[in-house]
Structure formats: structure tokens, C-alpha cells
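Report on the structure given below.
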Amino acid sequence: METPEVRSNFIWDAIDEDLRSGRYQSVHTRFPPEPNGYLHIGHCKALVADFLTAERYGGLTNLRFDDTNPAKEETEYVDGIMADIHWLGFDWKGGLFFASEYYHKCYDIAEDWINRGLAYVCELSAEEVREYRGTLTQPGKNSPYRDRPAAESLDLFRRMKAGEFPEGKMILRMKIDMASPNINMRDPAMYRILYKEHHRTGKEWCIYPMYDFAHPIGDAIEGITHSLCSLEYEDHRPLYEWVVDKAAGMLPSHPRQIEFSRLNLTRTIMSKRYLRMLVEGGYVSGWDDPRMPTLCAMRRRGYTPEAIRDFIDRIGVAKADSTVDLALLEHCVRENLGGTAPRAMAVVKPLKVILTNWPEDKQDALEMENHPDHPEMGSHTATLTREIYIEQEDFMEVPVKKYFRMFPGNEVRLKGAYIVRCDGCEKDADGNVTAVLCTVDMDTRNGTEGANRKVKGTLHWVSATINTPFEARLYEPLLQEEAEGEDAEAADKKDFISRLNPASIEVCHGFMEKYLDTAAPGDTFQFLRIGYYCKDTDSTPGLPVFNRVVGLRDTFKKQLGQ
RNA sequence: UGGGGUAUCGCCAAGCGGUAAGGCACGGGACUUUGACUCCCGCAUUCGUAGGUUCAAAUCCUGCUACCCCAGCCA
């Protein structure tokens with residue numbers, strides 16, 4: 001066994017240096033989602049980076065919900081996110097926390113800063129604050145409230161907390177530098193008034209700390225050493241440092257923020273805002289609709305945690321903006337499933353075949369291996385009868401060139417059974433093929449000498465009398481058409497919806513082997529030639545539902561120029 | 001036109017002064033009771049660009065260019 005080489009990255013290089021220089025003695029990370037939606041594939045990159053980084057250095061990772069905006073957050077998401085992290089195989093050994101647990105600490109620091117002249121209550125309106133902030137090229141100007149006495153700010157701040165003022169009336173601001181070329185340093189807001197019930201603290205507070213204040217404080221309280229985040233926070237880093245510095249006396253650690261590029265996947269919607277629109281607009285059945293790029297949806301669709309982690313491992317971590325080809329994700333899924341999923345036969349789009357020389361009542365129980373490379377996975381029985389179903393696409397009355405499945409005059413092998421010759425077909429009044437007629441070569445039963453004869457094609461099949469009907473859902477992930485043209489980014493809600501692939505779901509009524517009756521929700525099988533299918537965890541008793549995870553590579557279609 | 005970043009094969013990504021890893025995709029071939037899988041073979045004389053330093057540069061220096069992020073009382 002070769003030990004897969006764990007590739008280093010620039011973050012680990014930086015941490016190696018921090019450890020070498022003595023800046024830190026250990027490593028402690030945190031994964032800080034805001035509970036305002038479910039985790040999607042894009043979050044996995046940060047999640048894996050946080051957990052694996054700590055693991056690499058023998059440290060721990062905290063799960064901290066960044067719940068500082070009660071207007072958008074809900075308990076449902078907290079529970080969902082925790083379930084998803086566990087499903088991926090990670091555990092917050094460092095502990096479970098909520099930014100809201102630090103409200104009191106944040107408040108104390110705020111009062112301290114007011115007293116030290118580092119913060120002040122500003123009564124400018126939101127519009128005025130924007131005007132005073134200046135622009136990208138012009139410096140801002142000081143708020144007229146900037147130099148009010150600390151005692152005055154303190155009094156106002158306490159009354160803000162007491163609920164004496166309406167939302168928007170005033171905010172608490174850090175006193176940094178209104179002329180800074182970095183806009184984030186122009187006296188950023190620390191606290192705003194919000195009469196919203198918080199999913200954890202209820203009505204206890206009517207003032208809530210902003211991310212730029214609460215996040216570094218939370219990191220420092222928890223003793224985080226390396227605070228990993230995405231690139232857009234790069235110019236918040238000086239602010240992060242400022243907050244940690246000013247609060248140093250009241251907090252145990254001085255964490256370091258390191259940024260890396262977030263994951264983008266070709267044609268995949270990776271914005272919580274848009275995903276929320278799909279859910280709330282009823283375009284999908286929910287966050288776990290198998291067409292969604294959320295983890296809960298991918299799980300339901302049959303993606304494995306192993307495949308996703310392998311994918312994240314392969315894309316690497318760097319600082320360049322990048323968009324990873326969806327094909328890589330699908331490759332990882334196929335590779336993982338190909339080696340582990342039991343094989344089974346099911347016909348998704350059935351076409352009846354009558355074995356004309358097969359006795360009416362004859363049943364032949366054939367042994368089918370569960371996996372060609374893993375004998376230890378055992379085998380099961382499939383029963384051949386006079387009438388069977390094959391896939392519609394496996395028969396052509398008039399074959400195209402290089403077609404070596406079933407057509408009149410051609411011989412094919414029924415997987416694990418016999419070689420049959422196609423003699424013709426029956427049609428209805430409209431000319432549609434209703435049944436195909438074949439003759440079985442009785443000397444070619446699987447396992448006998450005669451079976452060693454070579455034929456070009458092999459087809460999967462299901463008995464027409466001994467089977468279980470099921471519903472196959474061929475989900476395609478919701479993908480966006482590549483937005484072309486100059487106005488590509490001006491995609492408003494309408495454009496966004498209209499650019500989604502329309503035929504992203506196809507429901508088929510097929511037949512599967514009895515063997516599949518024993519499948520448990522979540523079990524995935526490779527249906528011969530037609531792809532990987534997962535028993536839907538959402539299926540109800542009765543008609544079983546299998547979702548397609550991902551299709552097989554189809555070189556056949558390419559050869560035919562389709 | 002302020003500030004912060006990034007530029008290595010179609011897509012990711014190693015490389016950290018000594019003469020371009022790897023994966024995906026793609027092309028060709030072998031094998032095949034899944035046209036899958038597997039297996040071979042091919043795929044950057046060149047690292048955004050123009051100069052400079054050096055025996056030697058993707059790696060150092062300088063100047064350009066392109067793209068991304070920032071003007072929420074969101075995170």
C-alpha cells in the first residue's frame with residue numbers, strides 16, 4: 001500500500017513558519033458558518049481546510065455559528081449544518097459555540113473601548129454615514145459625533161441596549177481613521193439596534209454586534225490560532241488585527257487570519273441568496289431537492305462523503321480565483337462508487353423482449369456477482385423468464401453504424417445469462433416497437449463452455465414477471481447556462497431563473513431485480529450501463545424510488561457523434 | 001482614477017535561482033459477460049507582457065497589461 005502523499009499548501013507553509021518562529025505553539029481552528037441556510041459544496045472547501053489543518057498539527061477545530069444577525073438566522077439551519085458536517089465525517093472536537101454566547105463579552109469590550117476613546121455612538125443616519133464614509137478614491141470625513149465625550153457615548157450606548165431608541169437611530173462605531181485608503185477602517189460599525197428575536201437569545205438583546213467586531217473577538221475568546229477565511233476578507237485583515245489588538249488585555253489569544261480562494265464550480269449556483277430563491281420560490285422541493293448543490297441534497301442523491309472529500313483534496317488550496325470543472329467532481333464520485341457500489345440490473349425505460357424458444361413456465365435462477373472486482377461482496381440470483389425487459393436504447397430495428405446491441409439478425413449476450421439472437425420485432429398500428437423477438441442459444445448458459453463464445457454486445461435485463469416496479473428519477477443538478485455577453489453579470493432574479501437548465505429532472509417507471517428490494521435508503525448501486533443509482537432516503541413505503549447519482553461516461557454516444 | 005489581491009496546459013495545481021510534478025478534460029491504442037472500469041501512449045522548448053540582473057530565472061529586480069474584492073447599521 002502506498003501512502004497517498006498529502007500535498008502541502010501555502011496555508012500550511014505559513015503555519016509551519018509560525019510554529020518554527022514560535023509565534024504559535026499549537027494550532028486551533030474554527031469553522032464559522034452563519035446559520036442562514038444549508039451548507040453547499042462550496043462550503044466544503046473551507047470546512048475541510050479548517051478541520052484538516054487542525055488535524056495535521058494535532059490541534060482541534062471548533063464549530064462556531066456566526067449568529068450575529070437575528071434577521072436571517074434560524075435553528076433549522078443550525079441543526080442541518082451540524083448533521084452535514086457529521087455526515088462528511090468531521091467532528092468539532094474543539095467544541096460547539098455560538099457567537100451569540102459572546103454577546104456579554106462583546107458588550108463589555110464595547111464599554112471599555114468607549115471609555116478608552118476607541119469607540120463612539122454615532123447618530124448619523126445610514127445615508128449620512130455612507131456620505132461621510134467617502135468613496136473609493138476620496139477620503140471620508142469625521143462624523144460630528146466622533147469626538148463627543150466618552151461619558152456621553154457610554155450613556156447613549158447603555159440606553160441603546162435598554163431599548164430606548166428605534167432601529168437605525170444610532171450605532172456604535174470604532175474610532176479608527178476616516179481617511180484610511182482602506183474603506184473598512186473608516187470607523188466601521190460595531191453595534192446596531194435590531195428589534196429582532198434571536199434564535200438563541202430570544203428578546204434579551206436589541207443591539208447586535210457586527211461581524212467585523214464579533215468575529216475576531218470570538219476567535220480570540222476560543223483561543224483560535226489560525227482563522228481561515230475566503231479572499232473577500234483580505235482587506236478586513238487590518239481591521240481584524242486592530243480589534244484583536246485593542247481587546248488584547250481582555251482576551252486569551254491573538255489569532256491570525258489567513259485567506260484563500262473560495263470554490264466555484266462550472267455552471268453551479270454557489271450563492272446562498274440564489275439557492276434561497278429557488279427554495280422559497282418553489283422552483284425546487286426544498287434545500288435537499290436532489291438537484292441542489294447543497295450537501296443534504298447531494299447526500300440524498302447518493303454522493304458519498306468520501307467522494308466529496310477526495311474532490312476537495314484534489315482541487316487544492318490557493319489564492320487564485322478559480323472555477324473547477326464539474327467533471328472533476330463527477331469523476332471523483334464515479335471513482336468512489338465504481339469501486340464500492342454493488343452491481344445490479346434495472347431497466348429504466350423498458351422494452352419487452354420475448355424469448356420465443358423459451359418454455360412458457362421455465363425459470364432459470366442465475367447467479368450474478370455483486371461486484372466483478374470484489375468476490376467477497378458475494379452474489380445474488382436473477383431469474384430469467386420467457387418475457388424480459390431490456391432498455392429501449394438497446395434495440396434498433398435499423399442499426400446505425402458501429403451499433404452492437406440488439407437488432408434483427410444480431411446476437412448479443414444477456415448479462416450473466418445466455419446469448420440470444422434477435423429475429424425481429426412486433427409493432428403497433430403507429431409503427432412503434434412493442435416487443436422484440438429473440439431466440440435463446442440454450443447452449444450458452446453463463447458458466448458453461450458454450451458461454452465462452454464472444455459476442456460484441458452485452459445487455460442488462462429484468463424478468464417481465466419476476467421484478468419490482470420502481471420509479472427512477474434522473475436528476476440533473478440545477479445548472480446555469482453560461483451567461484454570455486456584456487450584461488452577463490447584470491443577471492437579476494428573472495435572468496437567473498431563466499438561465500437554469502429546464503430539463504433537470506426526468507421521472508421513469510422501470511423494473512428492477514427483486515434483489516434490490518432489500519436496499520436500504522441511501523444504498524447506491526451501479527445499474528449496468530445506465531449509471532449509479534441511490535435509493536432515495538426520502539422514499540416512502542410502496543413504490544421504491546431510485547435517484548441517479550451520476551451517469552457513466554458514454555463513449556458510445558461520442559462514437560456515434562451524438 | 002484609492003486600497004487590497006491574483007496571473008504556470010481547456011479546468012484545477014505543484015514549483016520558492018539550476019533548466020516545467022500531478023489530477024480532470026481531451027486524443028490514440030489494448031482489454032472487456034457493464035461501449036463502464038482497468039491498462040498503456042500522447043498532451044506547456046514554456047510559465048500574462050516588455051525589459052533587466054545572473055554561467056543559469058516560472059522563480060530576483062523594474063515597467064506595463066488583464067482579472068477579482070472593498071464605499072451593508074450583511075457575513
Side-chain angles (χ1 to χ4, degrees), chain A residues 5 7-9 13 32-34 36 66-69 71-73 122 124-126 129-131 133-140 167-173 180-186 188-194 208 210-212 214-215 229-238 259 261 263 266 272 311 313-332 334-335 338-339 343 345 369 372-373 402-405 412-417 419 446 451-452 454-460 526-531 551-560:
Chain A
E5 220 170 288
R7 187 173 61 236
S8 190
N9 59 52
D13 288 345
E34 182 189 12
N36 66 344
D66 244 329
D67 53 351
T68 53
N69 185 357
K72 293 162 64 177
E73 298 149 6
C122 177
L124 252 25
S125 69
V129 166
R130 194 181 316 126
E131 285 161 23
R133 186 157 33 225
T135 67
L136 294 177
T137 52
Q138 291 166 290
E167 286 186 13
K169 179 71 178 170
M170 56 186 72
I171 57 174
L172 183 69
R173 295 227 257 168
S180 171
N182 181 346
I183 291 185
N184 297 298
M185 301 297 273
R186 320 238 259 232
M190 276 174 77
Y191 268 96
R192 75 285 213 188
I193 299 170
L194 238 38
Y208 291 92
M210 301 288 291
Y211 166 88
D212 280 316
H215 198 88
C229 63
S230 49
L231 247 30
E232 64 263 34
Y233 293 106
E234 224 154 8
D235 35 66
H236 289 242
R237 195 185 331 130
E259 313 83 9
S261 64
L263 169 65
T266 52
K272 256 191 212 171
F311 169 71
D313 182 55
R314 293 196 199 206
I315 61 175
V317 182
K319 294 194 72 164
D321 290 319
S322 62
T323 301
V324 178
D325 195 330
L326 231 200
L328 178 59
L329 209 212
E330 297 187 335
H331 167 83
C332 292
R334 276 195 294 258
E335 186 177 79
R343 270 96 238 248
M345 295 197 293
E369 54 191 357
D373 306 329
K402 294 175 85 173
Y403 187 79
F404 47 85
R405 300 184 192 180
V412 297
R413 184 189 302 277
L414 296 179
K415 168 77 178 175
I419 292 173
N446 191 36
N452 295 333
K454 302 288 180 200
V455 288
K456 241 344 195 154
T458 299
L459 309 184
H460 57 275
Q526 184 187 133
F527 286 1
L528 301 181
R529 196 192 278 118
I530 53 181
L552 261 15
R553 288 178 61 198
D554 201 342
T555 47
F556 170 66
K557 281 186 182 164
K558 281 175 194 161
Q559 284 170 7
L560 296 182

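Fair warning: this is a prediction, and the values are worked out from it, not measured in the lab. Here is the naming used below: chain letters follow the sequence lines, and residue numbers restart at 1 for every chain.
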Validation row: Leu459(A), Arg529(A) side chains within 4.5 angstrom (heavy atoms): yes

Sugar-phosphate, base or nothing in reach of Leu124(A), heavy atoms under 4.0 Å: base

Distance, rounded to the nearest Å, where Glu330(A) contributes CD and C37(B) contributes C1': 17 Å

Within-4.5 Å side-chain heavy-atom neighbours: Lys456(A) and Val412(A): no

Whichever of Ser322(A) and Thr458(A) has its nearest RNA chain B nucleotide further upstream toward 5': Ser322(A)

Sugar-phosphate, base or nothing in reach of Lys454(A), heavy atoms under 4.0 Å: sugar-phosphate

Nucleotide G5(B), atom C1' - distance to CG of Asp321(A) in whole Å: 8 Å

Distance in angstrom units between Glu259(A) CD and C69(B) P, rounded: 16 Å

Base G3(B) to side chain Asp235(A), donor-acceptor N/O within 3.5 Å cut-off: yes

Between C1' of G3(B) and NE2 of His236(A), the distance in whole Å: 12 Å

Side-chain N or O of Arg237(A) closer than 4.0 Å to phosphate OP1/OP2 of G4(B): no

Touch class at under 4.0 angstrom, heavy-atom based, for Tyr233(A) against every strand present: base

Sugar-phosphate only, base, or nothing, as touched by Arg130(A) at under 4.0 Å among non-hydrogen atoms: sugar-phosphate

Interatomic distance at C1', U45(B) relative to U8(B), whole Å: 15 Å

Touch class at under 4.0 angstrom, heavy-atom based, for His215(A) against every strand present: nothing

Gap in Å between the two P atoms, one belonging to C47(B) and one to U59(B), rounded: 9 Å

Side-chain heavy atoms of Leu263(A) within contact of Val324(A), under 4.5 Å: yes

Sugar-phosphate only, base, or nothing, as touched by Met170(A) at under 4.0 Å among non-hydrogen atoms: nothing

Side-chain N,O (Arg553(A)) to OP1/OP2 (C37(B)) below 4.0 Å: yes

Residue-phosphate contact under 4.0 Å: Ser8(A) side-chain N/O, A14(B) OP1/OP2: no

Residue pair Arg314(A) / His331(A), side-chain heavy-atom distance below 4.5 Å: yes

Sugar-phosphate, base or nothing in reach of Ala451(A), heavy atoms under 4.0 Å: base

Side-chain donor/acceptor contact of Asn446(A) with base of U33(B) under 3.5 Å: yes

Salt bridge (charged side-chain N to carboxylate O under 4.0 Å, His left out) evaluation trace for Glu34(A) with Lys272(A): CA-CA 11 Å; Glu34(A) 182 189 12; Lys272(A) 256 191 212 171; 5.3 Å; no

Sugar-phosphate, base or nothing in reach of Arg405(A), heavy atoms under 4.0 Å: base

Check: Arg343(A) and Lys415(A) side chains under 4.5 Å, non-hydrogen atoms: no

Close side-chain approach of Met210(A) and Ile171(A), heavy atoms under 4.5 Å: no

Side chain of Ala320(A) (C-beta onward), nearest among G2(B), U6(B), A75(B): U6(B)

Residues Asp235(A) and Asn182(A): side-chain donor-acceptor under 3.5 angstrom: no

Between CD on residue Glu259(A) and NE2 on residue His236(A), distance to nearest 0.5 Å: 10.0 Å

P gap between A7(B) and C16(B), integer Å: 15 Å

Sugar-phosphate, base or nothing in reach of Ser261(A), heavy atoms under 4.0 Å: nothing

Value in whole Å for how far the P atom of C73(B) lies from CZ of Arg173(A): 8 Å

Identity of whatever pairs with C39(B) - Watson-Crick or G-U, under 3.5 angstrom: G29(B)

Any-strand Watson-Crick or G-U partner of A44(B), both distances under 3.5 Å: none

In G72(B), glycosidic geometry as syn within 90° of 0 or anti otherwise: syn

Integer-rounded Å distance: C69(B) C1' and Glu234(A) CD: 8 Å

Base paired to C16(B) (Watson-Crick or G-U; both N/O distances under 3.5 angstrom): none

Sugar-phosphate only, base, or nothing, as touched by Gly338(A) at under 4.0 Å among non-hydrogen atoms: nothing

Gap between atom CZ of Arg186(A) and atom CG of Asn184(A) - 0.5 Å precision: 9.5 Å

Between the protein and nucleotides 21-23 of chain B, are there any N/O to N/O pairs under 3.5 Å, and if so, what are the atom names and distances?
residue, atom, partner, partner atom, Å
G23(B), O2', Arg314(A), NH1, 2.8

Sugar-phosphate only, base, or nothing, as touched by Val412(A) at under 4.0 Å among non-hydrogen atoms: nothing

Check: Arg192(A) side chain, Gly168(A) main-chain N or O, donor-acceptor pair, under 3.5 Å: no

Nearest-angstrom distance, P atom, G10(B) to G2(B): 33 Å

Side-chain touch Asn69(A)/Tyr208(A), heavy atoms, less than 4.5 angstrom: no

Nearest-angstrom distance from the residue atom CG of Leu552(A) to P of C37(B): 7 Å

Which residue lies more 5' along RNA chain B, comparing Ala126(A) with Thr323(A) via nearest heavy atoms: Thr323(A)

Sugar-phosphate only, base, or nothing, as touched by Arg133(A) at under 4.0 Å among non-hydrogen atoms: sugar-phosphate

Of the listed nucleotides C74(B), G2(B), A36(B), the one nearest the side chain of Lys72(A): C74(B)

Per Ala318(A) side chain, nearest of listed nucleotides A14(B), A75(B), G3(B): A14(B)

P-based separation of G18(B) from A25(B) [nearest Å]: 33 Å

Inter-nucleotide P distance (A58(B), A21(B)), Å rounded: 13 Å

C1'-based separation of C60(B) from C55(B) [nearest Å]: 16 Å

Sugar-phosphate, base or nothing in reach of Leu136(A), heavy atoms under 4.0 Å: base

Presence of Arg192(A) side-chain N/O under 4.0 Å of A75(B) phosphate oxygens OP1/OP2: yes

Of the listed nucleotides U1(B), G35(B), G3(B), the one nearest the side chain of Arg529(A): G35(B)

Pairing nucleotide - U53(B), Watson-Crick or G-U, each distance under 3.5 Å: none

Integer angstrom distance from the P of G15(B) to that of G22(B): 14 Å

Integer-rounded Å distance: C24(B) C1' and Asp325(A) CG: 7 Å

